[in-house]
2 protein chains.
Amino acid sequence: MAVESSGWVTMGDVAERAGVSKITVSRVLRAPDKVREETRDRVRAAIADLGYVPDEAAGGLSSRRSRIVGAVISTLAGSTFASTVDGLGARLRQNGHQLLLAGTDYSSAKEADAVAAMLGRRPDGLVLTSTSHTEDARRTLAASRVPVVEIWELPAEPIGYAVGFSNHDAGAAMARHLLATGRRRPAFVGTAGEGDRRGRLRYEGFAEALAQTGTTDARAAAPSAGTHTARGARGLAAVLERWPDTDAVFCASDALALGALSEAGRRGLRVPDDIAIAGFGDFEFAGEFGLGLTTVRIPGIRIGETAAQLILDVNAGIRPDSRSIDVGFEVVERSTT
Amino acid sequence: MAVESSGWVTMGDVAERAGVSKITVSRVLRAPDKVREETRDRVRAAIADLGYVPDEAAGGLSSRRSRIVGAVISTLAGSTFASTVDGLGARLRQNGHQLLLAGTDYSSAKEADAVAAMLGRRPDGLVLTSTSHTEDARRTLAASRVPVVEIWELPAEPIGYAVGFSNHDAGAAMARHLLATGRRRPAFVGTAGEGDRRGRLRYEGFAEALAQTGTTDARAAAPSAGTHTARGARGLAAVLERWPDTDAVFCASDALALGALSEAGRRGLRVPDDIAIAGFGDFEFAGEFGLGLTTVRIPGIRIGETAAQLILDVNAGIRPDSRSIDVGFEVVERSTT
DNA sequence: GTTGCTGATGTTATCGGTAACATCCGTCAT
DNA sequence: ATGACGGATGTTACCGATAACATCAGCAAC
């Protein structure tokens, strides 16, 4: 493996060494069967000898396909989107694409910046975890004609496509589960702030399901600062202070539920005997050998994979049947309810 | 905002509309003070009118700076590296760079693939969470002259630079903590498999510190399949079966510790009275309002930020004092020890 | 023997920017 | 008046690949 002293090995270097022209090298890489076997071998040998790595940026400029997909994620911390990003990246790489990542800390302004920056790479697709965008971002995206997939939610009017589930229905399903296990005075604990959109949807579904059984007092708390576990603890405290007879708490995330669990312990409340606690997300720590927490499982990896596939398909000219794909959810009953 | 019917707005379109040449538009973007104010305003108006977004790939091709940094991460699931990636991405974006991400599932072969794919983007830097690479990857990286930063560990001979901490010392520190709180027969629970390199380092430090006090029987278990919490539970079970008088367990990650905690509960063991349990990583769920787990805190965000800064510095011609940056760690004492 | 076709390879132009050098013009010192 | 200089802007070439078209040899069909 030899490398030119000044910079990178180019396709021209490979061509010269193999005694062919650049385009033949290009063909060996993109369409090997258009090249005679002997020539092909010679070119491949030259590639290996020189340690040549094709410049994707140059190729993309010329072919107008960047083979990059951008993902704009609210946050990576908190493990909510981690598996989705994993799934997305894995499926993309299988298909020769790469993943460009940006975090927004749940800020629409940062999202708009990130979107603009990503468009500068002329991505083959864009994945957004948020569904609330600045007007500017929305316009820019629409004008760009890049396939856009919004995930983890199913907006009524997606910009392009959507892959997710109904947060509303998930909340309702959990309410029904709590009712089915005999609870009659359940409360909701969520978080305030920019990230609470989906929590609110879950709450609405939850409250509606309760209302159908005549339970109309909408018990809820949404602490606004600190870690999620701390908010969960404070949320439970707030709920119990205002409605001391609360017999179940549905938390908008497993992290909140853990906080509630620890607060319950501090207060000497037995779970689930004195109070039932349920979470959302089925994070690893919620599982059988962890907290044993009743929660809602979301197929995070599948959301990522599906979003990736959608983008690949659209670019291959395959129109999906629907602009919205519902991956569903599942209430997982464990020992805290 | 108008967009040409066929594809993207180019710098030429902007130039035409503003009545200047392409290079003037380029200057307005890269070096505004070299352009007269009036001209600058006209160009900026044209950019806004047309919704122009510069093509970074084209710019990079010409300027030979891609403004992309690649990160090859063992896994995103499990929240170990999430904050590091967050920190990395944030610092990079502040400086106009973008983050290309790939996951390897702890496979060196996938790592080699990912590295090759990333080099195709001619990145301004590369960050690797692993320190065990295929010979091929190592050669390719060395030949590429791209600044490489290995993180979360401090290898004796980094490829380029390293940002991390001593896993060995962290293990030793935890051993000393357990001894200081009166434990005399501590065991270690890790995981088997490709990802256990760092766990082994922690174990070695742990065992050495114990040996210094005369405790020479190296108690350890490393279950190999299932979720981390399940392995933690099985690990504790294995340790207790073989050494029933074990009075403390140091787990190679907080997830394992949670599993051990749940297993202890199942066996009616009181923590910390009957057995002390410590973890590693200080994941959110370990905190005060969560498990209250004694653990080792790693400045994950700072590792990411530091790695990013290192790459930016090196590209700006600033040579760092040392090829290895130790960000340290901290034993956090909570209620499980 | 010419035509037409196929397979293998090459030539030229182009993608959308930036670097380097060139030009133009006004101002100021001599 | 003249030349030097510096600020503002333009021209040309090039980054490293691919698309589109061109070429050429070999061979079958008439």
Would you mind writing out the side-chain donor-acceptor pairs for residues 22-38 of chain B within the sub-3.5 Å range, not counting sequence neighbours?
from	atom 1	to	atom 2	distance (Å)
B:R36	NH1	B:E38	OE1	3.4
B:E38	OE2	B:R42	NH1	3.4

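- Nucleotide D:dG16 holds its C1' atom 9 Å from the CZ atom of B:R122, rounded to whole Å.
- Mapping heavy-atom proximity under 4.0 Å, the span of DNA chain C touched by chain B runs 5' to 3' from C:dG16 to C:dA19.
- Taking all atoms of both residues into account, the shortest heavy-atom contact from B:T75 to B:Y106 is CG2-CE1, 3.7 Å.
- A search for side-chain hydrogen bond (donor to acceptor under 3.5 Å, both in side chains) contacts involving B:E111 returns B:H133, not counting sequence neighbours.
- Residues satisfying the side-chain hydrogen bond (donor to acceptor under 3.5 Å, both in side chains) criterion with A:T306, sequence neighbours excluded, are absent altogether.
- A side-chain donor-acceptor contact under 3.5 Å links A:D13 to the backbone of A:T10.
- A residue-by-residue look at B:G19 and A:V53 shows that B:G19 has its nearest nucleotide of DNA chain D further toward the 5' end.
- When the C1' atoms of four end pairs are superposed on the next four at each end of the helix from C:dG1-D:dC30 to C:dT30-D:dA1, using five pairs per end, the two resulting axes differ in direction by 50°, to 10°.
- A:Y161 pairs by the ring-ring contact (aromatic ring centres under 6.0 Å, His included) definition with nothing, not counting sequence neighbours.
- Residues from residues 59-69 of chain A placing a heavy atom under 4.0 Å of any atom in DNA chain C, listed by number, are A:L61, A:S62, A:R64.
- A donor-acceptor distance shorter than 3.5 angstrom exists from the side chain of B:T84 to the backbone of B:G300, with no hydrogens or angles considered.
- For B:Y52, there are no ring-ring contact (aromatic ring centres under 6.0 Å, His included) partners at least two apart in sequence or on another chain.
- To the nearest angstrom, C1' of D:dA17 lies 6 Å from CE of A:M11.
- Closest approach of B:R139 and B:D136 over heavy atoms only: NH2-OD1, 2.9 Å.
- The distance between atom CZ of B:R121 and atom C1' of D:dG16, rounded to the nearest whole Å, is 13 Å.
- Of the possible polar contacts, one joining the A:N315 side chain to the A:D124 backbone as a donor-acceptor pair under 3.5 Å is found.
- For A:E153, the side-chain hydrogen bond (donor to acceptor under 3.5 Å, both in side chains) criterion is met by A:T131, A:R197, A:R198, not counting sequence neighbours.
- Within residues 20-32 of chain A, the residues approached by DNA chain C to less than 4.0 Å at the level of any non-hydrogen atom are A:V20, A:S21, A:I23, A:T24, A:R27, in residue-number order.
- Checked against salt bridge (charged side-chain N to carboxylate O under 4.0 Å, His left out), A:R44 has no partners two or more places apart in sequence or in another chain.
- Residues satisfying the side-chain hydrogen bond (donor to acceptor under 3.5 Å, both in side chains) criterion with A:T104, sequence neighbours excluded, are absent altogether.
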